[in-house]
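Here is how names work: the chains are called A, B, and so on, in the same order as the sequence lines, proteins then strands, and each is numbered from 1. Because the structure is predicted, anything quoted here is derived from the model rather than measured.
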Amino acid sequence: MSDEGQPEPGTLERAVEATLFAAEEPLGVEALCAHLGGLALADVREALALLEARYRNRGVHLVERGGRWHFETAPDLAHLLRREKEQVRRLSRAATEVLAIIAYHEPVSRAEIESIRGVQTSAGTLDVLMEAGWVKPAGRREVPGRPVIYATTPTFLDHFGLASRRDLPGIDELRAAGLLDPVDEAMEAHMRFEPDDESDPQSDGQDDGQDDENLAD
Amino acid sequence: MSDEGQPEPGTLERAVEATLFAAEEPLGVEALCAHLGGLALADVREALALLEARYRNRGVHLVERGGRWHFETAPDLAHLLRREKEQVRRLSRAATEVLAIIAYHEPVSRAEIESIRGVQTSAGTLDVLMEAGWVKPAGRREVPGRPVIYATTPTFLDHFGLASRRDLPGIDELRAAGLLDPVDEAMEAHMRFEPDDESDPQSDGQDDGQDDENLAD
Amino acid sequence: MNAPDEPFMFPPETARADADALHLALDGWEGPLDLLLDLARRQKVDLRQISILALVDQYLTYIERAGTMRLELAADYLVMAAWLAYLKSAMLLPKAEQEDPNPEELALRLQLRLQRLGAMREAAGRLMGRDRIGRDVFLRGAPEGLRTDRKTVWRSDLFSVIQAYGQVKARTAPRIYHVANRPVMTLDSALERVSAMLGVTLEWMEIRDFLPPHASPALKRSALASSFVAALELAKRGRAELDQDGAFAPLRIRRLKEGQAA
């Protein structure tokens, strides 16, 4: 580069620049010459060298690949072309259930998940869990049909703050926390303390006793 | 610009350059900001101004059309590029006139277009302009019959190299001469003063006032 | 503006058409106003100084000579010709005899329309002459393109997972139903009990004394009801008699000897 900075681009340089810019594919020196009306190869080469230098620090570079030239985004700015937009979404109820079943029973096949849940699992549900990175296929079960079996990933443990799967509360603990009560029963237990039922404390005592029996099953 | 010629481009300038080079369509300042991760509008505007100046003498120019920016080859190099490119489809005379009327009078109804041209507009003519993406329906005029009104699009400004509708060739002169006013309005203005003298400056002035009102719509 | 000197009878596109194809000549115009504008332009003066009278003559001459033109195409042109002929006659009459509409006004209106169409025609030409993308300037031939990938980040928490598991287990666990053994005394057992106790003595006994002494309140209520019905049944069979001093007073019961009537 001269002391006076970049000189005005010459006509040929501008012509090469515009041609490569508008070209739909990379052009070799000869194709450029032909396009520009039969110029000397040496002149076009010189123009290419000047342009290459001129664009060296820019957001766009003039590069040669296999003898053909084209403009491309500077490598350090490539990330600008593919921008990722993150969208945070809460896991659906169904997906949460499937995740929980896999976590408690892994490795587990889809049929097994369905038999535990008592409902069919849509294909999308497992996809979501795999997209989230919490579940992965873990081989096949050696039974007829060789179904794929699924297991949780280390990412799952990370996200949910678990050191290992053993940190998941056991069935007994879930029961103690009331998490194994069917919803309607839990509701009843709740309702029992509502004002409507206060009339006969003795009969209440009786009911309570029977409830305890149920829990012990 | 400094005495030592063009300074090294800044990071933002390079990023804007790369983004506009890679974009498949023109981008507005806001779209650029969003794409570059929520920068200040003023910074992006400054980068655009720097880039515009930097490319002014090049074979490729950075231009603003209807608030959106894109790179295109320098117009003086058209002869080099045209030969290999397909010619733009020729518009019929009717389509050309209808396009001009929409551009200079927008928004304008079909009946208004026809009253200027003194002839019915075939359905195909507007279709051709809409297919080219230069014209779009722009609501309805709130008069009896609620006719659809038409206006030009940003693509129109792009294609004809107009920064905005203000750049339409001769639009200021036409407006000053009252030639964008409806005939009825011009008649009234004429009759109010000396009916025989078309060059009455007062009536011209009157036209102007009415035009400004129209523009403010 | 300064169109090359063609015979003005023909629109530019069909300038070389022969006289036999006169009807084709009209295809080149965009309607009568367009034809008028072109004729006016041939007067080579500013549209504002145009002679309307001369223009009318030129138009009428043209239409006359194009006598063979297709009628459906020509209708507009003929309407315009009739109107212009009317305008011409009105303009030639002395001013004093003018009625509404004033021919000068009509002429002005025509002139204004021609000016406006002329302005748009010229504007269209200048617009088409601009540097147009794809003809004069070119966009980047192979842009890389910008893409925004939407990535979903899923969020959940341990409590939701555990709770979901609890609910699945609860929902699908085999359910066991207990039918509570309600504390009741059946009529049969009340009959048996009251009969047995009546057998002990012939004295009046209060019915409450027949109730099981340590029963829960619920069982007591049931036993009272059953015992009362049992007492009625025994009285009906002639084996006991009942006695009560008044409403809600203690109900007493006494055994009847065999054969003794109530």
Output the option from [options] having the highest count of non-hydrogen pairs under 4.5 Å with chain C.
| options | value |
| --- | --- |
| Leu99(A), Thr73(A), Leu129(A) | Thr73(A) |
| Val128(A), Leu20(A), Val119(A) | Val128(A) |
| Glu131(A), Arg117(A), Arg82(A) | Arg82(A) |

**Report entry** Geometric class of the Tyr104(A)/Tyr165(C) ring pair [parallel <30°, tilted 30-60°, perpendicular >60°]
**Finding:**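 Rings of Tyr165(C) and Tyr104(A): parallel, under 30°.
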Part of [X] within contact of chain C (heavy atom distance under 4.5 Å):
| X | answer |
| --- | --- |
| Val98(A) | neither |
| Leu80(A) | backbone |
| Ile116(A) | both |

Query raised in the report: Is the number of heavy atoms from other residues, nucleotides or ligands within 6.0 Å of CD (Glu30(A)) greater than 12?
Result: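 Counting neighbours around CD of Glu30(A), 12 or fewer heavy atoms of other residues, nucleotides or ligands fall under 6.0 Å, so no.
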Query - Within 6.0 angstrom of Gln87(A) CD, more than 12 heavy atoms from elsewhere - result: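 Above 12, so yes.
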Report task. Would you mind telling me which of Val137(C), Leu146(C), Asp157(C) has the largest number of heavy-atom pairs within less than 4.5 Å of chain A? Result ->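 Of the candidates given, the most pairs with chain A belong to Asp157(C).
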Query raised in the report: Are Leu224(C) and Arg208(C) side-chain neighbours, meaning at least one heavy-atom pair lies under 4.5 Å?
Result: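 Result yes, sub-4.5 Å side-chain heavy-atom pair found.
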Requested in this report: Taking only Lys NZ, Arg NE, NH1 and NH2, and the carboxylate oxygens of Asp or Glu, determine whether Arg54(A) and Glu13(A) approach each other closer than 4.0 Å.
Outcome: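 A salt bridge is present here (some side-chain N lies under 4.0 Å from a carboxylate O).
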**Report entry** Lys/Arg-Asp/Glu bridge criterion (N-O < 4.0 Å) met for Arg252(C), Asp245(C)
**Finding:**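 A salt bridge is present here (some side-chain N lies under 4.0 Å from a carboxylate O).
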